Amino acid sequence: VTTVPERLGLSLPALPENVLVARQAVTGFCEALAFPVAVIENVRLAVTEACANVVVHAYAKDAVEHLELDATAVPGGVVVVVCDCGRGVGDEPGAGLGLPLIDALTDAYELEALEAGGTRITMRFRDDDARIDASV
Amino acid sequence: VTEEPIVVDGHGGVAVIRVHGEHDVATAPALRAVVQDAIAGATPVVVDLSGATFIDSSVLSVLLSGLRRSREADRGYVLVLPAEDGAPVRRIFEVTGLIPVFAIRPSAADAATAATAGTNT
């Protein structure tokens, strides 16, 4: 009997080197769920962009915040929540390509400002190999 | 032998920056410094992504800023990106629509020739 994980939860200091940790954890989770490679590539990149957003904003404030990631297997796919606890997400860092990429790579996504401060992004991915044809 | 994440080879009048493995917001600053140094070095620049297994938008931002500087300096600037399924990082270029923005060649040799000829579009 093979046990398939249903949920992955991570809480890490919002440091640049932890984006890799989050990416590898969510990649392993999707591999355990036997998702197609193309879907895993989308999840890896979208989760990296969401985590990078958290890290860059925590960094800009010169405060170590927490990066929280929660992935849940759902029928037909996976839902990944990345939370920037304690502060809001301001302007996007870098080339401003993060959110457009997330939009292109996910089946759906939602950004919420939390009452206690901070931002939560919820990203849904389908586990079939549907190619994304829309460019950013 | 494990290749270093970022290697610069300055032989032959072209600065070749080989990017290996996974790169994101943690390593983008180091890559930015290497790309800026290479452009300041007054030689054509090749950024070889054939050994890269993952890049995010912060790395794309570095590559775009290198492209802008190279054009300002009227200097060759060419990326190496194997065609089709040969490059794991090709997808982010496709999704962002940036393939036509960069000068891209499938091999390091082709890229060095193009960069030496001053290609940056």
Side-chain angles (χ1 to χ4, degrees), chain A residues 12-28 30 36-60 67 82 84 91-106 129-136, chain B residues 2 4-6 19-36 47 49 51-71 77 79 81-102 104:
Chain A
L12 301 162
L15 299 170
E17 56 268 34
N18 282 335
V19 175
L20 171 68
V21 177
R23 175 168 68 252
Q24 289 180 340
V26 83
T27 300
C30 291
V37 170
V39 174
I40 295 175
E41 288 300 317
N42 289 348
V43 175
R44 280 161 73 71
L45 184 50
V47 166
T48 298
E49 297 295 337
C51 293
N53 238 334
V54 172
V55 165
V56 169
H57 286 96
Y59 225 57
L67 163 66
V82 172
D84 160 23
D91 294 332
E92 264 208 280
L97 290 167
L99 280 180
L101 266 172
I102 288 170
D103 186 41
L105 296 167
T106 56
D129 197 359
R131 292 291 297 178
I132 289 160
D133 49 18
S135 289
V136 172
Chain B
T2 305
E4 290 294 315
I6 302 168
V19 180
H20 194 83
E22 299 193 18
H23 291 268
D24 60 23
V25 68
T27 55
L31 182 62
R32 184 179 298 275
V34 166
V35 169
Q36 288 180 356
V47 183
L49 298 169
T53 53
F54 180 89
I55 63 169
D56 76 348
S57 71
S58 62
V59 175
L60 279 187
S61 170
V62 169
L63 297 175
L64 283 168
S65 120
L67 177 65
R68 193 187 67 243
R69 283 164 179 257
S70 295
R71 286 180 181 166
Y77 183 87
L79 306 185
L81 203 55
E84 301 303 319
D85 294 335
V89 301
R90 194 175 182 87
R91 175 132 173 79
I92 189 170
F93 286 89
E94 291 171 350
V95 175
T96 52
L98 287 172
I99 293 271
V101 172
F102 290 100
I104 294 174

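Reckoned from all heavy atoms, side chains included, excluding hydrogens, waters and symmetry mates. What you see is a predicted model, and the numbers here were worked out from it, not measured in a lab. Chain letters run A, B, ... following the sequence lines, proteins first, then strands; residues in each count from 1.
Put simply, CG on B:D56 and CZ on A:R44 are 11.0 Å apart, with the number rounded to the nearest 0.5 Å. The distance from atom CG of B:L60 to atom CG of A:L101, rounded to the nearest 0.5 Å, is 7.0 Å.
Here the closest heavy-atom approach between residue A:P16 and residue B:A26 is recorded as O-CB, 3.4 Å. The minimum heavy-atom distance linking B:S57 with A:L97 is given by the pair CB-CB, 3.8 Å.
The stretch residues 18-28 of chain A places A:V19, A:L20, A:R23, A:Q24 near chain B, each with some heavy atom under 4.5 Å from a heavy atom of that chain.
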